[in-house]
Amino acid sequence: MHICHWIQQHLDPQPSTTDAMIYEDMESQSAHSLIPIYRPFDAARRTHWAARGSALDFLAATAGDGGRLLDFGPGDGWPSLLVAERVDEVVGVDSSWRRVCVCRANAERLGIKNARFRWYRAGDPLPFSTGTFDGVMAASSVEQTPDPQRSLAEIHRVLRPGGRLRLGYEALTRYREGRERELTILECGGDVCKLLLYYRDIARERVVQYGVDVEVSRADLIALFGTDSPQYDDLTIEMLERL
């Protein structure tokens, strides 16, 4: 029996959004790697220039200098906290309350005064009036919402006439040739982990994702798998029954 079929039949999975399944359990969505939010800029490192350039790309594409920008799904504050010095105001909106708190803490730690972060319920209308923003930045966020078309319609609504959207998204084609099925272990604190299982149907542009909470530490899970980097095919029904 296929792993997903077993989960469906034996664990009674309930529908979820990505914020509830993943981002509420993550201390840092970026593994504390963002430049310069978590690490100081180093001009001698090419990757740091690339990170800076990526954020400025969002600023330039929205023509955001001196304007009011919306960051749709800011995660740990990217790119909102990086472009804040060049805009009048930037507002981040996220359906994960933990991400909102992380962004607020990062802004305070960095001394950024013109960045605000708000929570909204995934799938609901955005909590802003029509035509509020000069530009909208959305980095790998729209495709994770319950209804991407509705999300785009809401983004269009809150943009002023002539406002610009800079959208980046995670294309499923990057997972071809062996990554269609994937297993990730997410530590949730204490001796609790979440097994994240991805089953990607690239041709149909569809992803089935399961989050299975287990009261086992990451170290014990690694010992059970017998490898530091377990793969989707390493997980068996027998392991799930034991867990």
Item to check | Which residues share a ring pair (Phe, Tyr, Trp, His ring centres under 6.0 Å) with Tyr120, sequence neighbours left out | outcome: none

Item to check | salt bridge (Lys or Arg N to Asp or Glu O under 4.0 Å) involving Arg218 - partner list, sequence neighbours excluded | outcome: none

Checklist entry - With sequence neighbours excluded, what pairs up with Asp88 under the side chain to side chain contact (heavy atoms under 4.5 Å, CB included) test? => result none

Checklist entry - Side-chain donor-acceptor pair under 3.5 Å between Asp94 and Ser96, yes or no? => result no

Item to check | Any residue meeting ring pair (Phe, Tyr, Trp, His ring centres under 6.0 Å) with His48, in chain and number order, not counting sequence neighbours | outcome: none

Item to check | All pairs passing side chain to side chain donor-acceptor pair (under 3.5 Å) where residues 102-113 contributes a residue, at least two apart | outcome: Tyr38-Asn106, Asn106-Arg109

Checklist entry - Tell me the side chain to side chain donor-acceptor pair (under 3.5 Å) pairs involving residues 207-217, sequence neighbours left out? => result Gln8-Tyr210, Lys194-Asp213, Ser217-Asp220

Checklist entry - Partners of Arg200 by salt bridge (Lys or Arg N to Asp or Glu O under 4.0 Å), sequence neighbours excluded? => result Glu182

Next on the checklist: Going by the rule salt bridge (Lys or Arg N to Asp or Glu O under 4.0 Å), which residues pair with Glu85 if we only count those two or more places apart in sequence or in a different chain?
Outcome noted: Arg52

Next on the checklist: So, using salt bridge (Lys or Arg N to Asp or Glu O under 4.0 Å) as the criterion, who are the partners of Arg150 when residues are at least two apart?
Outcome noted: none

For residues 128-144, please give each side-chain donor-acceptor pair under 3.5 Å, one per line with the distance, not counting sequence neighbours.
from, atom 1, to, atom 2, distance (Å)
Thr130, OG1, Arg157, NH1, 3.4
Thr132, OG1, Ser129, N, 3.3
Thr132, OG1, Ser129, O, 2.5
Asp134, OD1, Arg160, NE, 2.8
Asp134, OD2, Arg68, N, 2.8
Ser141, OG, Phe72, O, 2.7
Glu143, OE1, Ser141, N, 3.4
Glu143, OE2, Glu170, N, 2.8
Gln144, OE1, Tyr23, OH, 2.9
Gln144, NE2, Tyr23, OH, 3.2
Gln144, NE2, Ser140, O, 3.0

Checklist entry - Cluster partners of Trp49, using ILVMFWY side-chain heavy atoms under 4.5 angstrom, listed by chain and number? => result Ile35, Phe41

Which atom pairs, donor and acceptor, lie under 3.5 Å between side-chain atoms of residues 229-242 and protein residues at least two apart or in another chain?
from, atom 1, to, atom 2, distance (Å)
Gln231, NE2, Ser229, O, 3.0
Asp234, OD2, Gln231, N, 2.7
Thr236, OG1, Met239, N, 3.1

